[in-house]
Amino acid sequence: MLLEVRNIRKSFADKRVLEDISFEVRSSQAFGLLGRNGAGKTTLIRIIMGVFPANEGEVLIDGKPIDYETTKIGYLPEERGLYARKKIIDQLIYFAELKGLSKARAIQSIDYWLDRLDMSEYRNKRLDTLSKGNQQKIQLITALVHNPDLIILDEPFSGLDPVNAALIKGIVSQQIQEGKIVLFSSHQMNYVEEFCDNVGIVDHGHMVLRGNLHQIKREYERNKLVVSSTQAQNIIGDCKGISDIVSAIPMDEYKVMLTLTSSGKKKEIMQKLSLAYDIDEMAVYEPSLNDIFIEYAGGTDDEVEEGGDVK
Amino acid sequence: MKQFKTIMNFELMNFFKNKIFIGITVFLMLLVAIVLFIPRIVDATSQGEEPTPIDPNDLPVVIVTAPNDVMGLVLQDVLQQAFEGSYRVEFTHDDAQSIETLITLGAASRAFAFEDWTVYTYYVKNISISDYATAVVDGVIQNLYRLNSMVSAGMTPEQAQEIMSIAPTHETINLGVDQTNNFLYTYIMVIALFMIIMLYGQMVASNVASEKSTRAMELLVTSAKPISMMFGKVLAACAAGLVQIALIFGSAIVFYRLNESYWASDEIISSLFNIPPELLIYMLVFFLLGFLLYAFMYGAIGSTASKLEDINTAVMPITFIFIIAYILVIFSLASGSVDNVGMVIFSYVPFTSPMAMFARLAMSVVAWWEIAISIGILVATVVTVGILAARIYRAGVLLYGTKPTFKEMFKMLRN
């Protein structure tokens, strides 16, 4: 299965929220949808889910406009919330039935997920008796209960303790392996790097970067070296005389980043350094997703007005 | 359609599992039961023990004074007849001061001090709101005076008595509606209509707002169509309201039938349970349409509020219209002129017609085409408002923060 989002444009009243957004995700892939608060991610998700239409552009499944009757979508919204005063089993059945499941199948699936998430003991409890992390696990069930083809997870790991985070991580990986399309939106870049082969960064309604994460990283010029050494301070001092080194910036007491005039000089410099100093570790610097994100989305600091994200 | 059923079922269960809903319904049913069983209970407790004849000496004393003994004895005699069983009338020679003392101490309940056949002073400790003593005495001495006059004019006492006791007979041919019979159930129905619409309308509004404020809406809106959500909620509330009414009124009818013989003498209560069936059908029609109209509006308003606290102020305009309509109808009912200009206009205005037209057709004669036009306007309005409300709802449920202005709501309608 292939989800294609093509040239989506959306404006509310006179405010342009999304401009020409395109990307695609295949089954068994996770796509990292990144962007600062108010960048337009939630609006994009809502357009994909058919809550409201785009002004222009289309959402396709296997080349045909998405049919919400046949394509099952599971959604974990960033703004969590269920019926606080209702029994967990009752509201899970309700949401499962809304997704088209029969009551019997809903109960079967809910019991599976409650067990899987270690939540069976809370089955007949009221939601507001649960801790925040446990409520979030219940909310995750509403996204998975109907065995969706497309799973949209908005900040699934926020507020979870490490044990629960590991549990959910296992479930998400499994869903990807089972051939689901996963749209993953998060500010926790380490999780995105872990799951997503492809990412897209949305900034002020524009897709400012899109592609395979490894390729994106490869595309950065490999002219930076990170050197760990007890003699880091000496290296910084000595580098000033070497013409091939543009700058030497200390990262911490025993670590320094050297920027070379070109990646071609890499081999020569590395050899020189290893002969001259006691080196613990030396590697070509690869930007983390965090660095890439800040580079692309961190430019201007004009926070998009509050509420632009949730219209 | 399946979604709509799921939603309606879920919302309906919310009502039926709600302890307050159950509590109020059971309480009202019990109240009705108690009221309707009262005469049976009273009858059962008083059975077996013969009503003991009241000793005339135990009755409160009414003192009569007169300028002379002949007049005093005659007055004692006629007043005793008039007050038979309630008071013991005594002719005395007390003066004003001793009468006042006797009454203040409670030795006598009241006193009539006659100066003449037609002039007297009434003494009483506290005048109650239903003190008819002077009316009774006035009547008695009026008759006495007329009789005496006729006799002294030359009639025999028998002739005079015959003239005095002439009783006209009459027959009534009512071409319209008997207001004396149906005013009570009209009142009850208008009040029930008002209460149910207000209560359930507010419930729909706060229900929507709470889904928004708890953000359950985020998930709902991606799981179901807003129009299904809106209609599911409104129709569930409508059904719950109907069930509640049916239970309360139904139990009233059952309890009345069980005790029918005990109520036979009470015309008001009997009339209450002899509602013409066509009026019940009209009641149902106007209830359903009025309920839907207001519930749609309440639902739409609820969707524009971000917090539960905002609801009360947000629904004020609707509540205001509704209360004005209610007051006009109630006042018109009380004055008996349900066909005044205001009522006629209100019986066509969709926001007021459920109560106004119902009151008119229950208390007066309304042509069938008038009812048809009124219902037609109402149905058209319900459909239009339903569609507009669903649009506002769709846009409103995802709108957080500031409450939209009317201008913004208008924009939502166009989109």
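Nothing here was measured: the structure is a model prediction, and the numbers come from that model. Here is the naming used below: chain letters follow the sequence lines, and residue numbers restart at 1 for every chain.
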For A:Lys86, is it the side chain, the backbone, both, or neither that has a heavy atom closer than 4.5 Å to a heavy atom of chain B?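 When you check distances to chain B, only side chain atoms of A:Lys86 fall under 4.5 Å.
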
Report which part of A:Tyr68 has an atom under 4.5 Å of a heavy atom belonging to chain B: side chain, backbone, both, or neither.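 Contact with chain B is absent: no heavy atom of A:Tyr68 under 4.5 Å.
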
In terms of side-chain geometry, is the basic nitrogen of [X] or [Y] positioned less than 4.0 Å from the acidic oxygen of its partner?
X        : Y        : answer
A:Arg123 : A:Asp111 : yes
B:Lys233 : B:Glu211 : yes
A:Glu155 : A:Arg80  : no

Quick check on the interface: out of B:Met13, B:Lys2, B:Lys17, B:Lys225, who has the most heavy-atom pairs with chain A under 4.5 Å?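 Result: the option with the highest number of such pairs is B:Lys2.
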
Identify which part of B:Lys5 has an atom lying under 4.5 Å from any heavy atom of chain A, answering side chain, backbone, both or neither.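 Contact with chain A: none, neither part.
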
Can you tell me how the ring of A:Phe157 sits relative to the ring of A:Phe184, calling it parallel under 30°, perpendicular over 60° and tilted otherwise?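 Geometry flag for A:Phe184 against A:Phe157: tilted rings.
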
